[in-house]
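First up is the structure itself, then whatever we jot down about it.
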Amino acid sequence: MLQRAQSETSSSPKGTPNWADVVRWANHGNPPPPRRVEKTQDEWRQALDADVFRITRQQGTEAAHSSAMCGLFEPGRYQCACCDTPLFDAGSKFKSRSGWPSFTQPLTEGVVGHHMDNSHGMRRIEATCQVCDAHLGHVFPDGPEPTGLRYCINALALKKAAD
């Protein structure tokens, strides 16, 4: 179910997304991206490792707990594995015990897209890189404050930015 109690959607500080924002974006369109990177599937296939291609370009999912990134909590930023767009800050990362890196919010509005996903007999909201359309994972309304969101992201869809 894609609902959350009203009291839980309005507790986010001004300027941070909440579940109501995510559902609105998924249903009515996302904020514009800062730029666009467009390549053909063949160009992406040539540019990416086979596993990264499967996850990001074919909406795959890596096995839970398969990446050391779940336990990485060093300061810094995480960027899209396909186009290098900064997507998340380590300050919004938390231990979700889900088996995938989890964040409470994107780095800035417009870098992560939200799309209704009714695949596999489930109703979820897919998270994508808004710049290159890479599949990142999904967002759920069961995260910690301040947003109440859990961006559950495939580790192979991210790379830690060099400091």
Side-chain angles (χ1 to χ4, degrees), residues 12-19 21-23 25-26 30-39 41 43-117 119 124-163:
S12 298
K14 186 173 175 66
T16 60
N18 60 42
W19 186 243
D21 294 326
V22 169
V23 171
W25 291 328
N30 292 287
R35 64 188 175 96
R36 289 288 302 159
V37 172
E38 296 184 21
K39 296 182 180 184
Q41 284 293 82
E43 289 171 325
W44 284 120
R45 187 176 281 108
Q46 290 174 6
L48 301 171
D49 175 80
D51 287 333
V52 174
F53 179 82
R54 181 182 60 79
I55 302 271
T56 61
R57 311 321 300 184
Q58 297 178 319
Q59 287 70 36
T61 301
E62 65 199 14
H65 305 285
S66 63
S67 172
M69 192 181 283
C70 290
L72 181 65
F73 290 92
E74 299 165 358
R77 294 190 171 168
Y78 295 86
Q79 58 195 37
C80 176
C82 297
C83 69
D84 296 330
T85 298
L87 300 173
F88 299 98
D89 185 82
S92 72
K93 193 167 188 269
F94 68 98
K95 247 184 215 178
S96 69
R97 295 179 175 74
S98 67
W100 293 275
S102 297
F103 302 85
T104 58
Q105 65 188 39
L107 186 62
T108 59
E109 188 175 278
V111 295
V112 173
H114 306 83
H115 311 277
M116 285 296 175
D117 177 1
S119 64
R124 306 176 289 177
I125 295 182
E126 177 188 19
T128 63
C129 174
Q130 187 87 320
V131 171
C132 73
D133 300 326
H135 170 74
L136 302 173
H138 292 86
V139 59
F140 302 96
D142 60 2
E145 295 302 324
T147 65
L149 301 174
R150 175 172 54 100
Y151 283 84
C152 188
I153 306 299
N154 288 291
L156 288 174
L158 299 174
K159 56 186 172 183
K160 186 84 164 33
D163 295 327

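In this structure, the separation between NZ on Lys39 and CD on Gln41 is 12.0 Å, given to the nearest 0.5 Å. Note that the CH2 atom of Trp100 and the OG atom of Ser67 stand 12.0 Å from one another [nearest 0.5 Å]. Here the straight-line distance linking atom CE of Met116 with atom CD1 of Ile125 works out to 4.5 Å at 0.5 Å rounding. Here CZ of Arg54 is found 11.5 Å from CD of Gln59. Values are rounded to the nearest 0.5 Å. We find the CZ-CZ distance between Phe53 and Arg45 to be 3.5 Å, quoted to the nearest 0.5 Å. In this structure, Ile153 CD1 and Arg150 CZ are separated by 10.0 Å, a value rounded to the nearest 0.5 Å.
Contact check for Asn30 versus Trp25: side-chain heavy atoms found under the 4.5 Å cut-off. By the 4.5 Å heavy-atom criterion applied to side chains, Val111 and Cys129 are not counted as neighbours. Between Arg77 and Leu107 there is a side-chain heavy-atom pair separated by less than 4.5 Å. Taking 4.5 Å as the limit, some side-chain heavy atom of Pro101 sits within range of a side-chain heavy atom of Lys93. At a threshold of 4.5 Å between non-hydrogen side-chain atoms, the residues Asp21 and His114 do not count as touching. Inter-residue side-chain proximity for Glu62 and Ile55 is flagged as met; some heavy-atom pair is nearer than 4.5 Å. Using a 4.5 Å heavy-atom threshold, the side chains of Ser96 and Cys152 count as separate. Counting heavy atoms from C-beta outward, Val131 and Val37 have side chains that approach closer than 4.5 Å.
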* To do: In sequence, state the C-alpha distance, the side-chain angles, and the governing distance for Arg124 and Ser119, and then conclude on side chain to side chain contact (heavy atoms under 4.5 Å, CB included).
  => CA-CA 8 Å; Arg124 306 176 289 177; Ser119 64; 3.5 Å; yes
* To do: Could you give me the CA-CA distance, side-chain angles and deciding distance for Val112 and Gln130, then say whether side chain to side chain contact (heavy atoms under 4.5 Å, CB included) is met?
  => CA-CA 5 Å; Val112 173; Gln130 187 87 320; 5.9 Å; no
* From CA spacing to verdict: side chain to side chain contact (heavy atoms under 4.5 Å, CB included), Asp84, Gln79 -> CA-CA 5 Å; Asp84 296 330; Gln79 58 195 37; 3.3 Å; yes
* To do: Check the pair Phe88 / Tyr151 against ring pair (Phe, Tyr, Trp, His ring centres under 6.0 Å), numbers first and verdict last.
  => CA-CA 10 Å; Phe88 299 98; Tyr151 283 84; 5.8 Å; yes
* Asked: Stepwise, does the side chain to side chain contact (heavy atoms under 4.5 Å, CB included) test hold for His115 with Thr128?
  -> CA-CA 8 Å; His115 311 277; Thr128 63; 3.0 Å; yes
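Here the closest non-hydrogen pair linking Ser98 and Ala64 is O-CB, 4.1 Å. Closest of all the heavy-atom pairs between Leu156 and Ala81 is O-CB, 3.4 Å. Between Phe103 and Asp89, the shortest heavy-atom contact is CD2-O, 3.9 Å. Smallest separation of non-hydrogen atoms from Ala134 and Cys80: CB-SG, 4.0 Å. Taking each heavy atom of Val52 and Thr56 in turn, the nearest pair found is O-OG1, 2.7 Å. Met69 approaches Leu158 most closely through the heavy-atom pair CE-O, 3.9 Å.
Using modelled atom types, one finds a donor on one side chain and an acceptor on the other under 3.5 Å when comparing His135 with Glu126. Looking at Arg97 and Ser102, their side chains never bring a donor and an acceptor atom within 3.5 Å of each other.
A salt bridge does not link Arg57 with Asp133: every distance from a Lys NZ or Arg NE/NH1/NH2 to an Asp or Glu carboxylate oxygen is 4.0 Å or more.
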